[in-house]
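Input: a single structure, listed below in structure tokens.
Predicted model, so just to flag it, every value in this text is computed and none were measured. Just so we're on the same page: letters track the sequence lines, and every chain starts at 1.
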2 protein chains.
Amino acid sequence: MPKDRAPTRIQKKNRAAILEAALNVFSAHGFRGATVDQIATEAGLSKPNLLYYFPSKEAIHTALLSGLLEIWLAPLHDLDADGDPMEEILAYIRRKLQMSRDLPRESRLFANELVQGAPRIHESLSNDLKTLVDEKKAILTQWMDQGKIARLHPYHLIFSIWALTQHYADFDVQVRAILGDEDPFDGAEPFIDTLYRKLLTP
Amino acid sequence: MPKDRAPTRIQKKNRAAILEAALNVFSAHGFRGATVDQIATEAGLSKPNLLYYFPSKEAIHTALLSGLLEIWLAPLHDLDADGDPMEEILAYIRRKLQMSRDLPRESRLFANELVQGAPRIHESLSNDLKTLVDEKKAILTQWMDQGKIARLHPYHLIFSIWALTQHYADFDVQVRAILGDEDPFDGAEPFIDTLYRKLLTP
DNA sequence: TCTTGATTTGACCATCTGGTCAAACTCACG
DNA sequence: CGTGAGTTTGACCAGATGGTCAAATCAAGA
């Protein structure tokens, strides 16, 4: 295990390669389905070498998840109480959809975890996520009280955004099986935009 | 392996117990995360005994999936070209949501499979599912042409229904982490109903 | 009851997998 | 260069896991 001085050039490179490889493997096979050997090979290292940088398979997974949670929640974080309600929400949706397009592996990493009951991030859900959502719920409720957007159940409104946007990353195979050559996001963006304009107009 | 005569009382009972147990275990841990021992124990059998009824772990999984695909697609099947468009679609959505509530394990079984690229049901997606969806797409398009519902991308309309309804089963942990005690479906049903009434009104 | 096919199981096996370790090798720096 | 820290690896281990098999047990019809 490297000492905890400033990381050397090699340490930086290998840690990054491991996390990148682990993202590929974990998102494609889930925690249990991924093997350390597979991650090591994909990172261009031998298994013992990989375990020199991370103490265990679990540690890699944890490092990945906690590093990504922040990125994952960022779009919601940016929802601004002082902006124009409709535009704020639509911008949030666009950011979320963009993430499904640009970071599908990350999306599937979380999806894998959630579908199986989130054994390794249950706590973060009840704390970080719940706190953030409640904060934004207050903003949404305020906008509804002011008549600026339609009155809806704020939690379910948020769920719907998550569901609609992440669906395209998480169930990519299914979407492509039906769309064929058509680019999923080309159709999804205007569809979802229309949907929320209609839904949110008071 | 039992001969392929008419199944005995014991065969029926044990096969059913195995599939029930397998549904629990596979939906909670994914294919790779499930163990034959776990399924056997949950079915009240020894491992060799279980393997007397199914030749392999994979065979159990396949039997489960193919048996359930039919059930899973039934609600869409029932979408009737001759009914009232808005009511037909809303009824479909209600059936779908009901399935998320009543059959969450089945939903998660498919979700697990899909998130990981559907290695074991890829074919069914491109055939059975694609065929059914295209059939219903024609009906939707017709309704749109007749001005009976708003013009929308029919595939994405269907995706949105899947996304919104299955979200509650597949990401149950997340939903509950935010809703606390509140019943997810009590809020979801009216929310989704409102959403599609607004969306589909021309 | 007896017989025969159906059912069940303990013991066993090969392979996979996460993880360890001591020895070897490399690199940066004085 | 020499040296000590940082890096890499082959060999290895223990436990888990999917699957096999022959022998034992059970159930139902003649």
In B/S/- notation (B base, S sugar-phosphate only, - none; protein heavy atoms under 4.0 Å), nucleotides 25-30 of chain D written 5' to 3' is ---S--

Round to the nearest Å and state the distance from [X] atom [atom1] to [N] atom [atom2].
| X | N | atom1 | atom2 | value |
| --- | --- | --- | --- | --- |
| A:I39 | C:dT17 | CD1 | C1' | 12 Å |
| B:I18 | C:dT7 | CD1 | P | 11 Å |
| A:D37 | D:dT9 | CG | C1' | 13 Å |
| B:N49 | D:dG19 | CG | P | 16 Å |
| B:R15 | C:dT8 | CZ | P | 12 Å |
| A:E58 | C:dG19 | CD | P | 8 Å |
| A:I60 | C:dT17 | CD1 | P | 15 Å |
| B:F54 | C:dT8 | CZ | P | 13 Å |

Hey, is the side chain of [X] poking within less than 4.0 Å of OP1 or OP2 on [N], counting only N and O atoms?
| X | N | answer |
| --- | --- | --- |
| B:Y52 | C:dT7 | yes |
| B:N14 | C:dT8 | yes |
| A:Y53 | D:dT8 | yes |
| B:Q11 | C:dA6 | no |

Here the residues of residues 23-36 of chain A within 4.0 Å heavy-atom distance, strictly under, of DNA chain D are A:R32

Atom CD of residue position B:E70 - does it have more than 12 heavy atoms of other residues, nucleotides or ligands inside 6.0 Å?
no

Note to self: Looking at A:E87, I want to see if its CD is surrounded by more than 12 non-hydrogen atoms of other residues, nucleotides or ligands under 6.0 Å.
What the structure shows: yes

Which of A:D170, A:D172, A:T165 passes side chain to side chain donor-acceptor pair (under 3.5 Å) with A:S107? Answer is A:D170

Test side chain to side chain contact (heavy atoms under 4.5 Å, CB included), reference B:L73, set B:L132, B:L68, B:V133, output is B:L132

The side chain to side chain contact (heavy atoms under 4.5 Å, CB included) partner of B:L103 among B:R105, B:R101, B:M99 is B:M99

Listed pairs, N/O of protein and of nucleotides 10-12 of chain D, under 3.5 Å:
none

Considering only heavy side-chain atoms of A:S56, the closest of C:dT7, D:dT8, C:dG19 is C:dG19

Out of D:dT9, C:dT8, C:dG19, minimum distance to the side chain of A:K57 belongs to C:dG19

### Query
So, A:Q142 versus A:K148: side-chain donor-acceptor pair below 3.5 Å or not?
no

Do we see a donor-acceptor contact under 3.5 Å between the side chains of B:D134 and B:Y155?
-> yes

**Asked** Taking the six-membered ring for Trp, are B:Y168 and A:H156 ring centroids under 6.0 Å apart?
**Response** yes

| message | Can you confirm if the aromatic rings of B:F191 and A:H153 lie within a centre distance of less than 6.0 Å? | response | no

* Can you find a pair of side-chain heavy atoms, one from B:L69 and one from B:I121, that are under 4.5 Å apart? -> no

Shortest non-hydrogen pair, B:F185 vs B:L97, comes out as CE2-O, 3.7 Å

Exercise for review: Specify whether A:F31 and A:H61 have parallel, tilted or perpendicular ring planes, treating 30° as the upper limit for parallel and 60° as the lower limit for perpendicular.
Suggested key: perpendicular

